[in-house]
Number of protein chains: 2
Amino acid sequence: MQSKASFTPAEIEQIKAASVVRTLRKRQYLLQAGDVWQSNAFVASGCLRTYSVDAKGLEHIIGFAVENWWATDQESLLSGQPSRYNIEATEDTTVVVLKNDDFEQLRREVPAFDKVVNALVLRTFMAAQSRVHSAISYSAEEKYREFLQKYPGLVQRIPQHMVASYLGLTAETLSRIRRQL
Amino acid sequence: MQSKASFTPAEIEQIKAASVVRTLRKRQYLLQAGDVWQSNAFVASGCLRTYSVDAKGLEHIIGFAVENWWATDQESLLSGQPSRYNIEATEDTTVVVLKNDDFEQLRREVPAFDKVVNALVLRTFMAAQSRVHSAISYSAEEKYREFLQKYPGLVQRIPQHMVASYLGLTAETLSRIRRQL
DNA sequence: AGCTTTTCTTGATAAAAGTCAATGCCTAGG
DNA sequence: CCTAGGCATTGACTTTTATCAAGAAAAGCT
């Protein structure tokens, strides 16, 4: 999952036992709006996008998850309600999926796992806060500039209209911004 | 802090020992941009706003924290860098503040505390996600409508220009939207 | 009560971003 | 090799929101 946390062989077994590794091909769904989400998915390789589709059929990308991040719909998870989001692979992707019950059990029983998860949750929360900040404070151009420097390389991996959607812009607007650089 | 979690008297003592209760008067800062934030603050009563000030002197409100929520700057906490946000009381407010070291120790040593915190973190993260969704998907009017139904009563407690700032709008625009309802 | 500061509203105008429509370019699939 | 679908760009035009400026209303202070 991450870094320097050292699991004992027994712990690794326990984690493996609760995990399902799934490989998704480009465009394949991990979650479709309307389904109830009860898992946590860690991206081992590739990239996922979480997005909603509005009344006009426009997509709005809530977030990307690349290597060492996770994708989840806490809203559906905590409420038990069907999700309003889709989670989809933007490229061939490998994820480690844990059912939420198992996930919570692991957190209780394996302190090292809990520690890693805590760090990940706080990191994800921080990223969400920071994103709120850009979304309400920055102009279209500033948002794009920040995106470039915050996620270097990602712009090469995903189509531009998805970047636009992530930034809350139309593809046309982003195209025009890029022309001026 | 919350709900049904049952702490033993000894645990309550331990939590109290690590906590500082602060009362803030309206407009008083809990954190000023430039300072390093190393705590966690739970709102017992009142309301805090977290905001940044941009190059033009405009304020952008990242979030409000009312009863049973918390306010924190994870960015500064995790990075050790000076904060780019201010946290300020919008009304007379009582907060329970825990230094992050003590906070983490409590999480390790008091499982019931850890449980409550986990729930709070996930709830806060969920709210941030949902906010990102509205920020990039909704028009000004839709954002205001959602705000009204999502935080009923809050609009009575804080000045309108702060609501506008929270929604990423100018005070004038919000005023015009309200006229049409 | 009277004064000051903050807050809210309104109008006129400008800027930013969205919409609609057309075109060309790739590239994956048959 | 050819073609269809997805992707990016551009232009003309519209809509939305911001900006600037001025007052009015409300709230806080002494």
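Note on naming: letters A, B, ... go to the chains in the order of the sequence lines (proteins, then strands), and numbering restarts at 1 for each one. Scope of the values below: all heavy atoms of this structure, side chains included, with no hydrogens, waters or symmetry mates.
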For residues 173-181 of chain B, please give each side-chain donor-acceptor pair under 3.5 Å, one per line with the distance, not counting sequence neighbours.
| unit_1 | atom_1 | unit_2 | atom_2 | d |
| --- | --- | --- | --- | --- |
| B:T173 | OG1 | B:T170 | OG1 | 3.0 |
| B:R178 | NE | B:Q160 | OE1 | 2.9 |
| B:R178 | NH1 | B:Y144 | OH | 2.9 |

Indicate every side-chain donor-acceptor pair of residues 22-33 of chain A with a distance under 3.5 Å to a residue at least two apart or in another chain.
| unit_1 | atom_1 | unit_2 | atom_2 | d |
| --- | --- | --- | --- | --- |
| A:Q28 | OE1 | A:R25 | N | 2.8 |
| A:Y29 | OH | A:Y51 | OH | 3.4 |

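Residue pairs satisfying the salt bridge (charged side-chain N to carboxylate O under 4.0 Å, His left out) criterion with at least one member in residues 51-71 of chain A, sequence neighbours excluded, are listed as follows: A:R49-A:E59, A:E67-A:R157. Residue pairs meeting the ring pair (Phe, Tyr, Trp, His ring centres under 6.0 Å) criterion with at least one member in residues 157-181 of chain B, sequence neighbours excluded: B:F64-B:Y166, B:F147-B:Y166.
For A:K16, the NZ atom is loosely surrounded, since the number of other residues' heavy atoms within 6.0 Å does not exceed 12.
Residues satisfying the side-chain hydrogen bond (donor to acceptor under 3.5 Å, both in side chains) test with B:E146, not counting sequence neighbours, are B:S134. Checked against salt bridge (charged side-chain N to carboxylate O under 4.0 Å, His left out), B:R107 has the following partners two or more places apart in sequence or in another chain: B:D114. A search for side-chain contact (heavy atoms from CB on, under 4.5 Å) contacts involving B:T72 returns A:F125, B:W37, B:N40, B:W70, B:Q74, B:L77, not counting sequence neighbours. Residues meeting the salt bridge (charged side-chain N to carboxylate O under 4.0 Å, His left out) test with A:E141, sequence neighbours left out: A:R145.
Although no hydrogens or angles enter the test, the distance criterion places no donor-acceptor pair under 3.5 Å between the side chain of B:E104 and the main chain of B:D101. Counting only distance, with no hydrogens or angles, the side chain of B:S137 and the backbone of B:H133 share a donor-acceptor pair below 3.5 Å. Judged by distance alone, the side chain of B:S130 and the main-chain N or O of B:M126 form no donor-acceptor pair under 3.5 Å. A donor-acceptor distance shorter than 3.5 angstrom exists from the side chain of A:T93 to the backbone of A:E91, with no hydrogens or angles considered.
Regarding B:E88, its CD atom lies at a distance of 13 Å from the C1' atom of C:dT6, rounded to whole Å. Residue B:R178 contributes atom CZ, which lies 14 Å from atom P of C:dT7 at whole-angstrom precision.
Scanning residues 152-166 of chain A for heavy-atom distances under 4.0 Å to DNA chain C yields an empty list.
Nearer the 5' end of DNA chain C, as judged by each residue's closest nucleotide, is the contact made by B:R27, out of B:R27 and B:R179.
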Every protein N/O lying under 3.5 Å from an N/O of nucleotides 17-21 of chain C:
| unit_1 | atom_1 | unit_2 | atom_2 | d |
| --- | --- | --- | --- | --- |
| C:dA17 | OP1 | A:A140 | N | 2.8 |
| C:dG18 | OP1 | A:G168 | O | 3.4 |
| C:dG18 | OP2 | A:T170 | N | 3.2 |
| C:dG18 | OP2 | A:T170 | OG1 | 3.3 |
| C:dG18 | OP2 | A:T173 | OG1 | 2.7 |
| C:dT19 | O4 | A:R176 | NH1 | 3.4 |
| C:dC20 | N4 | A:E172 | OE2 | 3.1 |

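End-to-end axis angle for the helix from C:dA1-D:dT30 to C:dG30-D:dC1, using five pairs per end and rounding to 10°, comes out at 50°.
Bracketed by its first and final contacts, the part of DNA chain D lying under 4.0 Å from non-hydrogen atoms of chain A reaches from D:dG6 to D:dA12 in 5' to 3' order.
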